[in-house]
2 protein chains.
Amino acid sequence: MSIVHAMPGFLIRRLNQISMSVFQERMQRLGLDLTSVQFAALVALSENPGIDQATLAGLIAHDRVTIGGVVDRLVAKDLVARRINPQDRRARQLALTDSGATLLQRLIPEVQALQHDILAGLSAAEVAAFVTLARRTTEAGNDRSRAPLRPRD
Amino acid sequence: MSIVHAMPGFLIRRLNQISMSVFQERMQRLGLDLTSVQFAALVALSENPGIDQATLAGLIAHDRVTIGGVVDRLVAKDLVARRINPQDRRARQLALTDSGATLLQRLIPEVQALQHDILAGLSAAEVAAFVTLARRTTEAGNDRSRAPLRPRD
DNA sequence: GGCATTTGGGTAGTATGCTAACGATCAGCA
DNA sequence: TGCTGATCGTTAGCATACTACCCAAATGCC
């Protein structure tokens with residue numbers, strides 16, 4: 001066993017790899033072509049219609065460039081509408097399309113169900129313990145991230 | 001607070017974001033241009049000199065394409081030597097250069113020290129609990145990943 | 001009003017991290 | 001020996017995920 005295999009950084013990368021793979025596999029089985037980042041963006045837009053890309057980036061902890069590409073692809077799939085804000089012509093107002101809202105309602109229970117598969121081998125109590133620790137440390141380390149979480153209000 | 005912010009998948013992505021950022025920041029402060037993936041590859045090669053790229057990929061849980069690019073960059077930095085295996089002309093034998101071995105010895109204590117910063121806000125006992133849970137679930141979910149860990153022996 | 005600063009979005013560039021497909025090569029087997 | 005299948009590395013393509021930089025537009029301050 002290598003020394004790297006016990007390092008938190010390595011374990012976290014593996015967790016992320018497994019998480020993304022579980023998500024993608026489920027989407028494929030549903031016949032959908034959607035990533036977990038795109039899902040998070042749809043949820044954020046559903047909860048905050050009319051926000052611009054920079055705000056969206058802060059709500060799901062991404063940089064603006066990445067969000068620009070994600071929104072491009074969501075617009076191309078007709079899940080999100082993007083238009084210039086007349087009050088601030090720099091900004092793009094974002095909102096779910098009808099088709100995006102419909103898809104999201106179908107997706108939410110699926111995505112909630114697959115969270116269980118991500119942490120395979122753990123009991124319900126252990127999953128809860130993991131989530132508690134993860135929430136505390138991501139909050140403590142928020143500003144260490146290059147794209148911190150910036151919740152509204 | 002959005003419903004996604006409590007999902008394990010989202011928390012894991014945040015953890016990975018913070019982890020990569022902490023690593024990059026430390027490397028920058030050391031005046032080095034090295035990613036965590038490149039570090040993991042150097043460690044694996046130090047522990048297993050002479051392996052080929054596919055074996056290296058399995059040891060640090062990456063697909064062969066990604067490892068090809070990582071090795072390209074390590075060779076360009078003169079940290080790794082790559083040559084065709086005369087016994088199997090498909091394969092590339094990899095080994096650290098002297099400069100790679102020297103750098104790695106300097107890096108290992110630094111990287112071990114920064115692991116602590118990744119899980120900010122947790123006590124030593126909580127870090128240990130996190131690592132235990134993470135190890136168990138990544139082992140259980142190994143084959144769910146697209147690029148599973150394939151240890152030798 | 002005029003001007004410096006800030007902000008939103010974009011381009012260019014780099015590195016992961018994956019799929020699908022391909023050529024070269026090797027291993028097993030009739 | 002010749003064929004079949006597996007394996008190693010690579011290319012092409014896509015989607016994150018960032019930095020650095022730029023332009024346009026809004027904001028704050030005098």
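Residue numbers begin at 1 in each chain, while the letters A, B, ... track the order of the sequences.
Side-chain contact check for Ser19(A) and Asn16(A): no donor-acceptor pair (N or O, by modelled atom type) lies under 3.5 Å. Looking only at atom types and distance, the side chain of Arg14(B) has a donor-acceptor partner in the side chain of Ser145(A) under 3.5 Å away.
Going from atom CD of Gln24(B) over to atom P of dT19(D) covers 10 Å, rounded to whole Å. Here the C1' atom of nucleotide dC18(C) and the CZ atom of Phe23(A) are 16 Å apart, to the nearest Å. Atom CE of Met27(B) and atom P of dC18(D) are 18 Å apart (whole Å). When rounded to the nearest whole Å, the span between CZ of Arg89(A) and P of dT27(D) equals 12 Å. Atom P of nucleotide dC8(D) and atom CG of Leu59(B) are separated by 13 Å, given to the nearest angstrom. Straight-line distance from the CD1 atom of Ile84(B) to the P atom of dT25(C): 9 Å, rounded to whole Å. Rounded to a whole Å, the CD1 atom of Ile67(B) is 19 Å from the P atom of dT7(D).
Not one N or O on the side chain of Glu110(B) forms a donor-acceptor pair closer than 3.5 Å with the backbone of Leu30(B). In this structure, Arg146(B) contributes its side chain and Arg144(B) its backbone to no donor-acceptor pair below 3.5 Å.
Separating the CD atom in Gln105(B) from the CG atom in Leu42(B) is a distance of 10.5 Å, to the nearest 0.5 Å.
For the OP1/OP2 pair of dT19(D) and a distance below 4.0 Å, the side-chain nitrogens and oxygens of Arg146(A) include at least one atom meeting the criterion.
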Nucleic acid footprint by protein, nucleotides 7-17 of chain C - heavy-atom cut-off 4.0 Å, B for base, S for sugar-phosphate alone:
BBBSBB--SSB

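Taking the six-membered ring where the residue is Trp, Phe39(A) and Phe23(A) present tilted rings, their angle falling between 30° and 60°.
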